[in-house]
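Have a look at the structure below, then the notes.
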Amino acid sequence: MPRILAGLIFLGTVANATVPTVEVAAGVYMPMIAFGSYRGSLTNCSVQEGIQQWLQLGGRHIDTAHDYGTEPDVGAAIKASGVERKEIFLTTKIPGPIGRGAVKDMVMNETLQKLGVDYIDLVLIHFPCVNMSDFPNKCGEQHQQERLDTWRGLSELRAMGKVRAIGVSNYNAEQVAEVVAEFKEAPAVNQVQWHLAYHNETLRLAMRKLGTTIEAWASLAGPTSAGVPAISLGDARLKALAQRYNRSSAQVELRWETQNGIVPVTASCSKDHAVGDLESFSFALSDEDIKYLDALAPASEEFIV
Ligand SMILES: NC(=O)c1ccc[n+]([C@@H]2O[C@H](COP(=O)([O-])OP(=O)(O)OC[C@H]3O[C@@H](n4cnc5c(N)ncnc54)[C@H](OP(=O)(O)O)[C@@H]3O)[C@@H](O)[C@H]2O)c1
Ligand SMILES: *[C@@H]1O[C@H](CO)[C@@H](O)[C@H](O)[C@H]1NC(C)=O
Ligand SMILES: *[C@@H]1O[C@H](CO)[C@@H](O)[C@H](O)[C@H]1NC(C)=O
Ligand SMILES: *[C@@H]1O[C@H](CO)[C@@H](O)[C@H](O)[C@H]1NC(C)=O
Ligand SMILES: *[C@@H]1O[C@H](CO)[C@@H](O)[C@H](O)[C@H]1NC(C)=O
Ligand SMILES: *[C@@H]1O[C@H](CO)[C@@H](O)[C@H](O)[C@H]1NC(C)=O
């Protein structure tokens with residue numbers, strides 16, 4: 001089970017924001033909220049501006065991917081922020097099961113340069129299949145050898161000190177189990193779509209047993225959540241609950257995730273929203289309200305993917 005520690009990540013930028021961390025691999029502490037760098041997440045600012053604001057406000061965890069084309073923007077934002085490299089937790093994703101040689105070439109010859117860093121905190125395999133329309137449950141054993149070969153490449157990059165921790169994204173429990181069976185280690189992280197109307201208790205329990213931390217993409221059912229049920233931030237049930245805590249709907253949804261051990265990836269151009277996201281740790285939902293929020297999702301039979 002991952003160890004969750006409360007840690008003061010920064011001083012003097014945002015008054016009340018203490019972001020806890022979770023130990024995702026030995027000695028690797030990941031702040032429990034991330035800023036996403038997919039362009040579509042940001043409606044009213046550039047990726048570089050959004051990240052710079054996040055860093056200025058005290059956010060320290062940034063999520064990007066080769067496929068987003070925004071690694072150079074992340075690099076520029078980090079550089080311009082003046083925040084020390086070692087204070088930042090930087091995640092990127094390699095496209096999929098591309099194989100051992102390709103992943104090493106990509107990280108060594110492309111990703112590090114684009115990000116302007118000499119190591120990456122966390123690298124994820126973005127998808128279990130090459131054909132995205134097949135993921136996750138339709139992949140079956142297709143590409144199994146490529147997935148394992150790609151993991152081997154990542155573990156070699158880790159041994160070289162270029163990557164601190166390695167994980168996966170959009171994997172189901174069976175695909176995670178392949179890694180465990182072959183390498184006798186569990187992925188540090190599995191980043192999957194997760195919000196109030198769309199979450200999977202079977203997956204959560206399987207990952208918890210392995211000590212794999214779940215990260216939530218589209219954590220507020222935002223721009224990337226197309227194709228599955230969604231509960232909007234304006235939902236009357238969510239608003240009524242939020243009002244009782246004197247918090248925003250977004251803060252309640254993020255806190256529901258973090259109290260369940262899930263690390264949200266979100267994004268905003270708005271300074272007020274970004275502050276609200278970082279300050280979502282300053283209150284706690286009751287167990288009863290967490291259970292209530294857990295139960296808002298429609299039955300899974302309605303949205304088998
Ligand atoms: N691994 C994968 O396959 C995968 C897939 C999709 C996405 N992702 C990652 O997940 C990231 C986030 O995805 P997403 O954009 O769908 O996330 P999201 O958190 O569900 O939605 C982001 C939206 O939430 C709004 N927001 C944020 N904080 C708010 C607050 N306090 N109050 C009200 N609204 C708030 C923002 O709007 P405002 O600007 O108006 O605040 C923003 O447009 C991506 O950038 C990417 O890094 C990964
Ligand atoms: C976009 O951001 C600017 C400041 O960066 C703000 O003045 C403006 O109101 C925002 N527009 C919308 C639609 O959020
Ligand atoms: C990187 O590029 C160089 C020169 O193109 C090549 O020799 C090398 O094998 C590549 N891969 C790695 C992992 O360095
Ligand atoms: C991806 O899968 C879909 C549905 O299974 C199929 O229609 C499509 O041709 C596949 N694409 C490639 C490039 O294999
Ligand atoms: C939930 O996750 C489990 C384990 O990965 C998977 O077998 C199942 O199909 C998932 N359920 C849905 C509705 O996606
Ligand atoms: C509710 O929160 C606002 C700031 O978000 C604060 O100004 C106000 O005093 C709070 N009200 C109560 C009753 O705590």
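This one's a predicted model, so the numbers in the text were calculated from it and none came from an experiment. Each ligand, and each atom within it, is numbered from 1 in the order the structure gives. This chain uses plain numbering: 1 for the first residue, then up along the sequence.
- Closest to atom 9 (O) of ligand 6 among all protein heavy atoms lies Asn246 ND2, 4.8 Å.
- In this structure, the ring of Trp256 has its center no less than 6.0 angstrom from the ring center of His195.
- When Ala267, Ser249, Gly222, Ser270 are ranked by how near their heavy atoms come to atom 42 (C) of ligand 1, first place goes to Ala267.
- Within the 3.5 Å criterion, the main-chain N or O of Leu196 finds a donor-acceptor partner in the side chain of Glu253.
- Taking the six-membered ring where tryptophan is involved, the planes of Trp151 and Phe183 are tilted, since the angle between them lies from 30° to 60°.
- The closest side-chain donor-acceptor pair between Thr92 and Glu71 falls under 3.5 angstrom.
- Ring geometry, Phe89 versus His61: the interplanar angle exceeds 60°, so the pair is classed perpendicular (tilted spans 30 to 60°).
- Using a non-hydrogen distance threshold of 4.0 Å, Ala221 registers as a contact of ligand 1.
- Residue contact check for ligand 1: Phe35 places no non-hydrogen atom closer than 4.0 Å to it.
- Which parts of ligand 1 touch Leu233 is read off a 4.0 Å heavy-atom cut-off, strictly below it: atoms 33 (C), 34 (N).
- Contacts of Asn170 with ligand 1, taken as heavy-atom pairs under 4.0 Å, involve the side chain alone.
- Ligand 1 lies within reach of Ala250, whose nearest heavy atom is under 4.0 Å from it.
- Residue Asn44 does not touch ligand 1, judged by heavy-atom distances below 4.0 Å.
- Within the listing of ligand 1, atoms 18 (P), 19 (O), 20 (O) sit less than 4.0 angstrom from a heavy atom of Ser219.
- Of all atoms in ligand 1, numbered sequentially from 1 with element shown, those under 4.0 Å from a heavy atom of Cys269 are 39 (O).
- For atom 7 (O) of ligand 6, the protein comes within 4.0 Å by no heavy atom at all.
- Judged by distance alone, the side chains of Arg255 and Thr258 do bring a donor and an acceptor atom under 3.5 Å apart.
- Heavy atoms of Gln251 found under 4.0 angstrom from ligand 1: none, in either backbone or side chain.
- Considering backbone and side-chain atoms together, Ser225 places no N or O closer than 3.5 Å to any N or O of ligand 1.
- Checking only distances, Lys93 never comes within under 3.5 Å of ligand 1, N or O to N or O.
- Listed by number with element, the atoms of ligand 5 under 4.0 angstrom from any heavy atom of Ala173 are 4 (C), 5 (O).
- Numbered from 1 in the order shown, with element, the atoms of ligand 1 that lie under 4.0 Å from a heavy atom of Asp63 read 9 (C), 46 (C), 47 (O).
- For the 3.5 Å distance criterion, the side chains of Glu49 and Gln53 fail to qualify, holding no donor opposite an acceptor.
- Under 4.0 Å from ligand 1, heavy atoms of Ala218 appear from its side chain as well as its backbone.
- Taking a distance limit of 4.0 Å, we find that atom 14 (O) of ligand 6 is approached by some protein heavy atom.
- A salt bridge does not link Glu156 to Arg152: none of the charged nitrogens lies less than 4.0 Å from a carboxylate oxygen.
- The atoms of ligand 1 that sit less than 4.0 Å from any heavy atom of Tyr38 are 44 (C), 45 (O), 46 (C).
- Not a single protein heavy atom sits closer than 4.0 Å to atom 4 (C) of ligand 6.
- The residue among Ser268, Ala226, Ala65 with a heavy atom at the shortest distance from atom 37 (O) of ligand 1 is Ser268.
- Taking the six-membered ring for Trp and thresholds of 30 and 60 degrees, His126 and Tyr68 have ring planes more than 60 degrees apart, a perpendicular arrangement.
- Taking only non-hydrogen atoms, the option from Asn200, Asn172, Val192 nearest to atom 12 (C) of ligand 5 is Asn200.
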- Show your working on salt bridge (charged side-chain N to carboxylate O under 4.0 Å, His left out) between Glu185 and Arg158 and close with a plain yes or no. CA-CA 13 Å; Glu185 70 165 329; Arg158 182 179 55 190; 2.9 Å; yes
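- Ligand-side atoms of ligand 1 in range of His126: 1 (N), 2 (C), 3 (O), range being under 4.0 angstrom from any heavy atom.
- For residues 37-101, the disulfide (SG to SG under 2.5 Å) pairs, not counting sequence neighbours, are Cys45-Cys269.
- Within the cation-pi definition used here (under 6.0 Å to the ring centroid, within 45° of the axis), Arg85 qualifies as a partner of Tyr119.
- Side chain to side chain, Tyr245 and Asp289 meet the donor-acceptor criterion of an N or O pair below 3.5 Å.
- Nearest to atom 33 (C) of ligand 1 by heavy atom, out of His273, Gln191, Arg247, is His273.
- On a distance-only criterion, Gly276 and ligand 1 share no N/O pair closer than 3.5 Å.
- Between Ala77 and Leu55, the shortest heavy-atom contact is O-CD1, 4.1 Å.
- Side chains of Arg247 and Ser282: a donor on one and an acceptor on the other come within 3.5 Å.
- Residue Ser37 touches ligand 1 through its backbone alone, judged by heavy-atom distances below 4.0 Å.
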